[in-house]
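Take a look at the structure below.
Quick note on labels: first sequence line is chain A, next is B, and so on, each numbered from 1.
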Amino acid sequence: MTATRSPYPANPFGDWDGTPGAARELQKRLAEQVRLEDELPAQLRLIAGVDVGFEEGGALTRAAVVLLDADSLEVVAQSLARIPTTMPYVPGLLSFRELPAVLQALAALPAIPDLIFADGHGIAHPRRLGIAAHLGVVTGLPTIGVAKKILCGDHEPLGELRGEQVPLRDRAGETIGTLLRSKDRVRPLIVSPGNRVSLTSAPQLVMRYVTRYRLPEPTRLADRLASRREEKAAARRGG
DNA sequence: GCGACAG
DNA sequence: ATCTTGTCGC
């Protein structure tokens with residue numbers, strides 16, 4: 001008998017003792033495992049979007065994953081994982097709060113995606129290990145971080161038209177991501193590699209999946225499911 | 001010491 | 001992230 005097991009690790013934190021200090025040290029070690037070369041299938045077949053929301057005033061963490069056909073963008077599968085929240089939100093330590101639920105939702109999918117879009121930063125992070133990079137390292141899969149706000153880094157002014165971009169750099173002048181205008185005159189997205197994707201490919205891949213909204217489809221759909229946009233809108237109108 | 005600070 | 005109504009602009 002060969003037990004069918006999850007292709008994803010149950011514990012993405014190794015022997016972490018639960019303290020913020022040890023979490024930061026672990027990030028530095030894992031950041032060394034991030035690969036910034038393109039290592040994607042020649043032809044992408046399945047892409048996924050992951051996002052996390054909260055219920056019960058934050059007591060419950062709700063991770064959502066949406067699997068899409070890379071060509072038609074049709075939804076192939078969806079997955080939801082709801083588990084008790086264990087950590088508070090601490091800037092720079094987001095993955096320690098959200099990854100457990102994300103991995104559980106990913107494991108419930110019927111297939112492994114070729115590329116994952118995560119809500120948050122990849123290497124555009126103080127220790128180069130935002131949630132997208134952390135997810136990429138522990139799963140070994142290609143990942144891209146798509147955030148709505150800058151965590152760290154500076155940049156030159158950005159043009160107002162769709163497709164325009166400008167590099168996000170750290171103090172040393174090193175490029176850690178890209179500010180991308182996904183639509184005319186909307187707040188730019190902050191895109192950065194998570195793992196197995198290059199700095200130049202990341203924004204190109206994001207634009208490839210942007211349709212009529214600011215967020216690329218994988219991220220947008222996962223966001224809807226994680227934040228229960230449907231339920232809330234219906235409940236609010238109905239009664 | 002002061003300001004900044006993904007979701 | 002979440003709690004929340006109407007409102008300004010493309």
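- Counting only heavy atoms from C-beta on, A/Phe54 has its side chain closest to C/dT2 among C/dT2, B/dA6, C/dC10.
- Between A/Arg97 atom CZ and B/dG7 atom P there is a gap of 13 Å when expressed in whole angstrom units.
- Nearest to the side-chain atoms of A/Arg229 among the listed nucleotides C/dC10, B/dA6, C/dA1 stands C/dA1.
- Rounded to an integer number of Å, the gap from A/His134 NE2 to B/dG7 P is 18 Å.
- Atom CG in A/Asp51 sits roughly 11 Å away from atom C1' in B/dA6 (whole-Å rounding).
- In this structure, the nucleotide among B/dA6, B/dG7, C/dC3 sitting nearest to the side chain of A/Lys148 is B/dG7.
- To the nearest 0.5 Å, the span separating CD1 on A/Ile83 from CD on A/Glu98 amounts to 10.5 Å.
- Distance A/Lys149 NZ to B/dA4 C1': 12 Å, rounded to the nearest Å.
- Nearest heavy atom pair, residue A/Leu180 against residue A/Gly163, reads CD1-O, 4.1 Å.
- Ring geometry for A/His134 versus A/Phe13: interplanar angle over 60°, hence perpendicular rather than tilted (30 to 60°).
- Residue A/Leu151 has its side chain nearest to B/dC5 when only B/dC5, C/dT2, B/dG7 are considered.
- Going from atom CZ of A/Arg220 over to atom P of B/dG7 covers 18 Å, rounded to whole Å.
- In this structure, CZ of A/Arg228 is placed 18 Å from P of B/dG7, rounded to the nearest angstrom.
- Nucleic acid contact class of A/Leu93 (heavy atoms, under 4.0 Å, all strands): base.
- The CD atom of A/Glu217 sits 10.0 Å away from atom CZ of A/Arg212, with the distance rounded to the nearest 0.5 Å.
- A/Gly53 comes within contact range of the sugar-phosphate backbone alone, with a heavy-atom separation under 4.0 Å but no base atom that close.
- The residue A/Gly92 sits close to a base: some heavy atom pair falls under 4.0 Å.
- Residue A/Ile131 is classed as a base contact, given a heavy-atom separation below 4.0 Å to a base.
- In this structure, A/Tyr89 packs face-to-face on the six-membered ring of B/dG7, meeting both the 5.5 Å centre cutoff and the 30° plane limit.
- The nearest whole Å value for the distance from the CD1 atom in A/Ile176 to the C1' atom in B/dA6 is 12 Å.
- With the nearest nucleotide of DNA chain C identified for both A/Glu98 and A/Arg185, A/Glu98 has the one nearer the 5' end.
- The distance between atom CZ of A/Arg171 and atom C1' of B/dC5, rounded to the nearest whole Å, is 13 Å.
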> Should A/Arg196 and A/Glu37 be marked as a salt bridge (charged side-chain N to carboxylate O under 4.0 Å, His left out) after you check the CA-CA gap, both sets of side-chain angles, and the distance that decides it?
Replying inline: CA-CA 5 Å; A/Arg196 293 176 179 269; A/Glu37 294 77 40; over 6 Å; no
